[in-house]
Amino acid sequence: MTLVSDEQAQPASLDRTTPLAGKVAVVTGGSRGIGFAIARLFVNLGANVLIVSRRESSLATAVQAIRTTMPATGTIDYCVGAADQQDAARTAVSRAVHEMGGLDILVNNAGTNPYFGPLTGLTRDQADKTTAVNLYAPLLWAQVAWEEAMSKHGGVILNISSEGAFAVQTNIAWYNATKAALLHLTRHLAVSFAPTVRVNAIAPGVIKTDMSRELWVDQENRIASSLPMGRLGEPEDIAEAAAFLCSESASWITGQTLVVDGGALVTPVD
């Protein structure tokens, strides 16, 4: 048996104040909600961040909001593009690599849910769009990130799924199905890109964003009181989890899903 000293057994020292210093990150769907919160926190932790979304006006507003409060160590910029379009992925990744110095972190946050109601009313177009953005797009961006940067230098990919991947919610069934499939895709990518690229997912519970308003806007107090933590989630709750999974503090974690839901999945059903 080979013994090591306590000193040898310790991981490398980590900078706890700016753990993402010098890292280059691309965040899809980064102009609002969870994506915006992730981008803002990453910048505050020292990263150089490129956010991507379809609307330039929303992107410009988000960038300006972050720039007014960001420290000198991080930077923020944007790139216009739809998450499910290959040209958008290649343009954004190319900008990160050639203008920002590389690509260390990819956050696949963009998501959509064009239909709210029972599965019996779901149309083919609505199903295709949901699948394209929620499932195909993360694969597309991961492929491009791997080809253009991460196969050579390593990195981290983080997919934003949903607590609904583990639940039955009749009005967002197809959305939840795509988010469940994203967790399986995460595991496959973790194996495919190992050992130089880590791939994980976060499954948020009910977060107070515009996209999820149908789930909470008229029943916030009822839902909050049913949760062990007694409140709904905020985008910043997911951002903090994302920062951990994308930092060296999580260097031995891959292929996993971190559920951030205020305890919803462990709430007893009486």
Side-chain angles (χ1 to χ4, degrees), residues 14 16-17 19-20 25 27 29-45 62 65-66 69 105 107-113 116 134 138 156 158-173 175-184 186-187 198-250 252-270:
L14 300 174
R16 302 295 180 180
T17 57
L20 302 182
V27 181
S31 65
R32 60 178 184 163
I34 290 172
F36 174 79
I38 290 174
R40 181 171 57 190
L41 180 58
F42 280 20
V43 169
N44 287 333
L45 296 177
I66 293 174
T69 59
I105 300 168
V107 179
N108 285 312
N109 168 73
T112 191
N113 185 37
F116 187 84
N134 295 354
V156 181
L158 180 64
N159 297 323
I160 305 300
S161 179
S162 171
E163 172 203 57
F166 304 96
V168 175
Q169 296 167 298
T170 56
N171 283 328
I172 53 172
Y175 171 86
N176 285 350
T178 63
K179 291 298 189 177
L182 180 57
L183 299 186
H184 200 58
T186 296
R187 293 189 284 269
R198 296 188 297 107
V199 187
N200 291 296
I202 293 175
V206 179
I207 308 297
K208 293 175 65 175
T209 65
D210 287 340
M211 181 177 173
S212 66
R213 283 181 65 83
E214 290 283 353
L215 300 177
W216 61 268
V217 68
D218 293 324
Q219 50 187 342
E220 179 176 352
N221 291 336
R222 181 188 66 79
I223 297 173
S225 64
S226 73
L227 297 174
M229 297 307 294
R231 67 172 177 87
L232 299 190
E234 299 287 349
E236 290 73 21
D237 293 313
I238 309 306
E240 293 286 354
F244 164 68
L245 287 173
C246 292
S247 76
E248 287 302 308
S249 294
W252 207 46
I253 301 175
T254 195
Q256 302 303 308
T257 299
L258 177 59
V259 177
V260 185
D261 69 347
L265 287 183
V266 298
T267 301
V269 178
D270 298 321

K.L.:
Looking only at heavy atoms, what is the nearest atom pair of P228 and A264, with distance?
P.N.:
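Heavy atoms of P228 and A264 come nearest at CD-N, 4.4 Å.
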K.L.:
Do side-chain atoms of N200 reach the backbone of Q256 as a donor and acceptor pair under 3.5 angstrom?
P.N.:
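Checked: pair present.
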K.L.:
Run the side chain to side chain contact (heavy atoms under 4.5 Å, CB included) test on I172 and K179 for me, step by step, so that the C-alpha distance in whole Å, both residues' side-chain angles and the decisive distance to 0.1 Å come before the verdict.
P.N.:
CA-CA 11 Å; I172 53 172; K179 291 298 189 177; over 6 Å; no
K.L.:
Identify the heavy atoms of F36 and A65 that sit nearest to each other, and give their distance.
P.N.:
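The pair with the smallest heavy-atom distance is CZ-CB, 4.1 Å.
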K.L.:
Checking side chain to side chain contact (heavy atoms under 4.5 Å, CB included) between I238 and each of T209, N109, L41, I207, which is the one that passes?
P.N.:
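Filter result, single survivor: I207.
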K.L.:
Side chain to side chain contact (heavy atoms under 4.5 Å, CB included) between F166 and D261: does it pass, once the steps are laid out?
P.N.:
CA-CA 12 Å; F166 304 96; D261 69 347; over 6 Å; no
K.L.:
What is the distance from atom CD1 of I202 to atom CG of D237, rounded to the nearest 0.5 Å?
P.N.:
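Here the interatomic distance stands at 10.5 Å.
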K.L.:
Rounded to the nearest 0.5 Å, what separation is found between the CG atom of L158 and the CD1 atom of I105?
P.N.:
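The CG atom of L158 sits 9.0 Å away from the CD1 atom of I105.
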K.L.:
Restricting to non-hydrogen atoms, name the atom on N134 and the atom on P138 that form the minimum distance, rounded to 0.1 Å.
P.N.:
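Minimum heavy-atom contact is O-CG, 3.5 Å.
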K.L.:
Shortest non-hydrogen contact from L258 to A241?
P.N.:
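It is CD2-CB, 3.8 Å.
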K.L.:
Report yes if some heavy atom in the side chain of V206 is under 4.5 Å from a heavy atom in the side chain of L227; otherwise report no.
P.N.:
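In short, these two side chains do not touch, never coming nearer than 4.5 Å.
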K.L.:
Which heavy atom of L20 sits nearest to which heavy atom of C246, and what is that distance?
P.N.:
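Heavy atoms only, the tightest pair is CD2-O, 3.7 Å.
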K.L.:
Which pair of heavy atoms, one from R231 and one from E234, lies closest together, and at what distance?
P.N.:
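What the structure gives for the nearest pair is NH1-N, 4.0 Å.
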K.L.:
Does any pair with a residue in residues 35-45 pass salt bridge (Lys or Arg N to Asp or Glu O under 4.0 Å), and if so which ones, sequence neighbours excluded?
P.N.:
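For residues 35-45: R40-E236.
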K.L.:
Counting N and O atoms only, with roles assigned by atom type, does the side chain of N159 sit under 3.5 Å from a partner on the main chain of L182, one being a donor and the other an acceptor?
P.N.:
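No.
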K.L.:
Counting N and O atoms only, with roles assigned by atom type, does the side chain of N176 sit under 3.5 Å from a partner on the main chain of A173, one being a donor and the other an acceptor?
P.N.:
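Flag not set: sc N176 to bb A173 has no pair under 3.5 Å.
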